[in-house]
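Note that the structure is predicted; figures quoted are calculated from it, not measured. Index from 1, following the sequence.
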Amino acid sequence: MVDSSPAANSFCAVKGPAHTPRTGNGGRLRRRPSRTISRTPARTAVAVACAVLALAGAALPSPKPLGVGDRLFPHLGNPGFDVRSYDISFRYGGVNSRPLDARTVIEADVTARDGLPRFNLDFASGEVRSVTVGGRAARYQRAGDDLVVTPSRTQRRGERMRVVVRHTSPTGDPAVSGWVRTKDGLAMANQADAAHRVFPGSDHPSDKARFTFHVTAPRALTVVAGGQLTDKERRGEQTRWTYRVAHPMATEVAQVSIGRSYVRRSKGPHGLPLRDVVPLRDREKLRPWLEKTPRQLAWLEQRLGPYPFETYGLLMADASTGFELETQTLSLFEKDLFTGNRVPSWYKESVMVHELAHQWLGDSVSPETWDDVWLNEGHATWYEWLYGAERGGPSLASRVKQAYKSSDGWRKTYGPPGRLHPAKPGNKIDIFRRSVYDGSAVALYALREKIGNEAFARLQREWITQHGDGNASTADFVRLVNAVAKKDLTGFLKGWLYGAKTPPMPGHADWRSS
């Protein structure tokens, strides 16, 4: 364990931190050597400043992990401030098993009524080298998965604070890293609770912010991140790439890819810029799949309205992950899904639509809490099934009926779609279960059967219109359903989202769940 006593990890410890945080090198702790202190005026000023910091910290209680009260991830997010932007720099040396040198700059508005004499950041791994707040050195300590920061003065309510953390970003053990190692580099996979293993921040979807990424890598490699490229600068054998995300983004859907990649640029509906990232040697083999995106975009725009972001593309990584992921503007896929013959073509296309649908439902409209994740996955599964049926897969009704048969079992094992069972003590929760995917899509089918196709289609578009670039909850969805249906369906939805047993399916009295 890293020492979290008030003396540990202080920027003002004269000979450097007594211990540095755990890194991806197996958790070994490094010690910095002592240095002889010369009595110069600058060092005297530093000593005085540090004494002031020590006195300020002494009046505060022992640091502890905090969170915004999420039922499933109670220690994620941080009270007292609202992040407005992240400016994150990584330096990649060309070896994907080594930690990246990094700097994270956070601009946040202080919301705590009495201001912030101390605040927490989510940061579970990596070595912290320094922290400043408003340009002044700040004390920092570890508490669980949090980095607890004590600035030189209390940050006042309504004030915008600028926090700069110099740190490393581990790329080793997946248990302590949100990075996925590819055969030629790295990619991010932060969902649901891994972003704070990559960079410090407020790792909860309710605290969306603007992002800028600067990545320095060997010039033979290509860097692509969420948003659009705004600068590319050669510096000897290195290249520095800068990307900016134009819309607010949750930490869990951030993306940075580093590798020997080919970037294919094209246009989607209405001239939307598309850029796909694939392993260089596989570019021709994967091209037919990349060419399917414009049609899929047009299909979803007919149902959900205009695509919500500035660009889109597929990141087909040469890695074994076991999942696909809807990172904002650049969805992550396993390359082997498209190069192998394990599944039929219609299924591959439907999975592409699933992640694309998330750009509207999950990325633009983000969940208020993780209990609301069914809104993301249920809707994406709905459009996955609908598109798959049109491309040669089973009909929507047959997919729903099959899932309905298993729904009671999922509810018992994982919990109902809107309220999953919490993790058992000492265990980590996995929220991405069949109850959240297929069970939620079954609930949406029941709602469509209840209110009719026309009202259901209007509901989908209105949901995006009202909550795009923001957050929304299950309660918000129920209110909108009632408004669109022009009747109170709160009780109806309560059974489908929270019931221990799956309710009878409207119009299908013969369906049974076991």
Asks: Give me the ring orientation class for Y445 and W511: parallel if the planes are under 30° apart, tilted from 30 to 60°, perpendicular past 60°.
Replies: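 Plane angle under 30°, so parallel.
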Asks: Counting N and O atoms only, with roles assigned by atom type, does the side chain of N471 sit under 3.5 Å from a partner on the main chain of P205, one being a donor and the other an acceptor?
Replies: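 Between the backbone of P205 and the side chain of N471 there is a qualifying donor-acceptor contact (under 3.5 Å).
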Asks: Is it true that R391 and S345 share a donor-acceptor pair across their side chains at a distance under 3.5 Å?
Replies: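 No, because no side-chain N or O of S345 sits under 3.5 Å from a partner of the opposite role on R391.
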Asks: Looking only at non-hydrogen atoms, find the nearest pair between K64 and D146 and report the distance.
Replies: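 Looking at all heavy atoms of both residues, the shortest contact is O-OD2, 4.4 Å.
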Asks: Can you tell if the side chain of F119 reaches within under 4.5 Å of the side chain of N78, non-hydrogen atoms only?
Replies: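 No; the side chains remain at least 4.5 Å from each other.
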Asks: Check E390 with R303, please: is the shortest side-chain N to carboxylate O separation under 4.0 Å?
Replies: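 A salt bridge links R303 with E390.
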Asks: Check for a donor-acceptor pair, side chain of H204 on one end and backbone N or O of D207 on the other, with a separation under 3.5 Å.
Replies: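 No.
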Asks: I'd like to know whether R281 forms a salt bridge (charged side-chain N to carboxylate O under 4.0 Å, His left out) with D318, so could you lay out the CA-CA distance, the side-chain angles of the two residues, the decisive distance to 0.1 Å, and finally the verdict.
Replies: CA-CA 11 Å; R281 64 183 176 276; D318 197 350; 2.4 Å; yes
Asks: On the 0 to 90° scale, with breaks at 30° and 60°, tag the Y387-W299 ring pair as parallel, tilted or perpendicular.
Replies: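 Perpendicular, since the angle between the ring planes exceeds 60°.
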Asks: Look at the side chain of T329 and the backbone N and O of G227, then say whether any donor-acceptor pair between them is shorter than 3.5 Å.
Replies: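 Pair found, side chain donor or acceptor close to backbone of G227.
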Asks: Scan M188, R275, Q255 and name whichever one has a side-chain contact (heavy atoms from CB on, under 4.5 Å) with L315.
Replies: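 Only one option passes, and that is Q255.
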Asks: Evaluate whether atom CD of Q302 has more than 12 neighbouring non-hydrogen atoms of other residues, nucleotides or ligands under 6.0 angstrom away.
Replies: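 Enclosed.
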Asks: Determine whether a donor-acceptor pair (N or O, by modelled atom type, separation under 3.5 Å) exists between the side chain of T327 and the backbone of V253.
Replies: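 The answer is no, because no donor-acceptor pair under 3.5 Å joins these two groups.
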Asks: Hey, do the aromatic rings of Y86 and F211 have their centres closer than 6.0 Å?
Replies: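 That pair passes the under 6.0 Å test.
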Asks: Within this structure, what is the CZ-CE distance for the pair F81 and M161, rounded to the nearest 0.5 Å?
Replies: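 One finds 5.0 Å between CZ of F81 and CE of M161.
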Asks: Of all the heavy-atom pairs spanning A441 and W382, show the shortest one and how long it is.
Replies: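 Closest pair (atom of A441, atom of W382, distance): O-CE3, 4.0 Å.
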Asks: Rounded to the nearest 0.5 Å, how far apart are CG of L314 and OG of S331?
Replies: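 So the gap between those two atoms works out to 6.5 Å.
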Asks: Flag yes if more than 12 heavy atoms outside R162 fall under 6.0 Å of its CZ atom; otherwise flag no.
Replies: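 No - once you tally the heavy atoms of other residues, nucleotides and ligands closer than 6.0 Å, there are 12 at most.
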Asks: Walk me through it: do T251 and F199 pass the test side chain to side chain contact (heavy atoms under 4.5 Å, CB included)?
Replies: CA-CA 9 Å; T251 53; F199 56 87; 4.1 Å; yes
Asks: Are there more than 12 heavy atoms of other residues, nucleotides or ligands under 6.0 Å from atom NZ of K450?
Replies: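 Not buried by this count: 12 neighbours or fewer within 6.0 Å.
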Asks: What I want to find out is whether R197 reaches D145 closely enough, with some N-O distance under 4.0 Å, to be called a salt bridge.
Replies: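 Here R197 does not pair with D145 in a salt bridge, since their nearest N and O are not under 4.0 Å apart.
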Asks: Can you classify the ring geometry of W289 versus F338 as parallel (below 30°), tilted (30 to 60°) or perpendicular (above 60°)?
Replies: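 Taking F338 first and then W289, their aromatic rings sit tilted (interplane angle of 30° to 60°).
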Asks: Might you work through the ring-ring contact (aromatic ring centres under 6.0 Å, His included) test for W360 and Y307, ending with a clear yes or no?
Replies: CA-CA 7 Å; W360 286 265; Y307 177 74; 5.6 Å; yes
Asks: With a 4.5 Å limit on heavy-atom distance, are the side chains of W463 and L304 in contact?
Replies: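 Not touching, per the 4.5 Å side-chain cut-off.
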Asks: For residues S350 and W385, is any side-chain donor paired with an opposing acceptor at under 3.5 Å?
Replies: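 Side chains of S350 and W385: no pair found under 3.5 Å.
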Asks: Would you name the heavy atoms of R181 and A319 that are closest together and state the gap between them?
Replies: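 What the structure gives for the nearest pair is O-CB, 3.6 Å.
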Asks: Ignoring hydrogens and angles, state whether a donor on the side chain of H358 or Q328 is under 3.5 Å from an acceptor on the partner side chain.
Replies: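 Side-chain D/A pair, H358 to Q328: absent.
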Asks: More than 12 foreign heavy atoms under 6.0 Å from CG of N341: is that the case here?
Replies: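 For N341, atom CG is not crowded (no more than 12 foreign heavy atoms under 6.0 Å).
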Asks: Compute whether any side-chain donor of one residue and acceptor of the other, for Y347 and E384, lie under 3.5 angstrom apart.
Replies: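 On atom types as modelled, these side chains do not qualify, holding no pair under 3.5 Å.
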Asks: Using atom types as modelled and distance alone, determine if a side-chain donor or acceptor of H421 lies under 3.5 Å from a backbone N or O of K412.
Replies: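 Such a contact is found between H421 side chain and K412 backbone.
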Asks: Is the backbone of A446 close enough, under 3.5 Å, to the side chain of E449 for a donor and an acceptor to pair up by distance?
Replies: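 Not a single qualifying donor-acceptor pair exists.
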Asks: Any chance NZ of K292 has more than 12 other-residue heavy atoms, nucleotides or ligands included, within less than 6.0 Å?
Replies: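 Enclosed: over 12 neighbouring heavy atoms sit under 6.0 Å from NZ of K292.
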Asks: Would you say the side chains of D371 and T369 form a donor-acceptor pair under 3.5 Å?
Replies: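 No, T369 and D371 have no side-chain donor paired with an acceptor closer than 3.5 Å.
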Asks: With the threshold set at 4.0 Å, does a side-chain nitrogen-carboxylate oxygen contact exist between E349 and R295?
Replies: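 Salt bridge: yes.
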Asks: Between K428 and D193, does any side-chain N to carboxylate O distance fall below 4.0 Å?
Replies: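 Salt bridge: yes.
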Asks: Where do H467 and F477 land on the ring-ring contact (aromatic ring centres under 6.0 Å, His included) test, with the steps shown first?
Replies: CA-CA 10 Å; H467 300 290; F477 186 75; 9.5 Å; no
Asks: As an exercise, state the distance from CG of L229 to CH2 of W241, rounded to the nearest 0.5 Å.
Replies: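 Those atoms lie 7.0 Å apart.
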Asks: Ignoring hydrogens and angles, state whether a donor on the side chain of Q228 or E310 is under 3.5 Å from an acceptor on the partner side chain.
Replies: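 Not at all, the side chains of Q228 and E310 share no donor-acceptor pair under 3.5 Å.
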Asks: Looking at G499 and P416, what are the two nearest heavy atoms and their distance?
Replies: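 Smallest interatomic distance, heavy atoms only, reads O-CB, 3.5 Å.
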Asks: If you measure from CD1 on I88 to NE2 on H214, what distance do you get to the nearest 0.5 Å?
Replies: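 I88 CD1 to H214 NE2: 9.5 Å, rounded to 0.5 Å.
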Asks: Looking at side-chain heavy atoms only, is the closest gap between W346 and P394 below 4.5 Å?
Replies: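 Touching, per the 4.5 Å side-chain cut-off.
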Asks: Which pair of heavy atoms, one from S440 and one from G378, lies closest together, and at what distance?
Replies: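 It is CB-CA, 3.4 Å.
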Asks: Measure from the side-chain N and O atoms of K208 to the backbone N and O of D363, and report whether any donor-acceptor pair falls under 3.5 Å.
Replies: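 Checking the backbone N and O of D363 against the side chain of K208, a donor-acceptor pair under 3.5 Å is found.
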Asks: Please check: side-chain N/O of S407 versus main-chain N/O of G439, any donor-acceptor pairing under 3.5 Å?
Replies: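 No, the answer is negative, given that no donor and acceptor are paired below the 3.5 Å cut-off.
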Asks: Distance check, rounded to the nearest 0.5 Å: D231 atom CG versus T242 atom OG1?
Replies: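 Separation between the atoms: 5.0 Å.
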Asks: Please determine which of E377, E324, E326 meets the side chain to side chain donor-acceptor pair (under 3.5 Å) test together with H354.
Replies: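 Going through E377, E324, E326 one by one, the side chain to side chain donor-acceptor pair (under 3.5 Å) with H354 is satisfied by E377 alone.
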Asks: May I ask you to test the F432-L420 pair for a side-chain heavy-atom distance under 4.5 Å?
Replies: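 No, side chains not in contact.
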Asks: Name all residues meeting the salt bridge (Lys or Arg N to Asp or Glu O under 4.0 Å) criterion together with R433; count only those two or more places apart in sequence or in a different chain, and write none if there are none.
Replies: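 So R433 forms a salt bridge (Lys or Arg N to Asp or Glu O under 4.0 Å) with D430.
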Asks: Please answer whether the main-chain N or O of G77 pairs with a side-chain N or O of D203 as donor and acceptor at a distance below 3.5 Å.
Replies: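 Not confirmed, D203 side chain does not pair with G77 backbone.
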Asks: Could you check whether any side-chain heavy atom of L459 comes within less than 4.5 Å of a side-chain heavy atom of L480, counting everything from C-beta outward?
Replies: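 The answer is yes, as the side chains (C-beta and beyond) meet within the 4.5 Å cut-off.
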Asks: Report yes if some heavy atom in the side chain of K424 is under 4.5 Å from a heavy atom in the side chain of N427; otherwise report no.
Replies: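 With C-beta onward as the side chain, the pair touches.
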Asks: What heavy-atom pair brings S514 and D408 nearest, and what distance separates the two atoms?
Replies: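 Residues S514 and D408, closest heavy atoms: O-CB, 3.6 Å.
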Asks: Are S364 and H247 close enough that some pair of their side-chain heavy atoms sits under 4.5 Å apart?
Replies: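 No, side chains not in contact.
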Asks: Mark yes or no: R283 above the aromatic ring of Y262, with NZ or CZ under 6.0 Å from the six-membered ring centre and no more than 45 degrees from the axis.
Replies: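 Geometry flag: set, cation within 6.0 Å and 45°.
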Asks: Would you mind reporting whether L147 and N120 have side-chain heavy atoms less than 4.5 Å apart?
Replies: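 Not touching, per the 4.5 Å side-chain cut-off.
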Asks: Could you grab the distance from atom CH2 of W179 to atom CG of L186, nearest 0.5 Å is fine?
Replies: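 Rounded to the nearest 0.5 Å, the CH2-CG separation comes out at 6.0 Å.
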Asks: Checking the side chain of S435 only, and the main-chain atoms of R411 only, is there a donor and an acceptor separated by less than 3.5 Å?
Replies: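 No: the side chain of S435 does not pair with the backbone of R411.
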Asks: Should the pair R84-D82 be classified as a salt bridge under the 4.0 Å nitrogen-to-oxygen rule?
Replies: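 Between D82 and R84 there is a salt bridge, with a charged N closer than 4.0 Å to a carboxylate O.
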Asks: Just checking, is any N or O donor in the side chain of N482 or T490 under 3.5 Å from an acceptor N or O on the other one?
Replies: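 The criterion, which ignores hydrogens and geometry beyond distance, is satisfied for T490 and N482.
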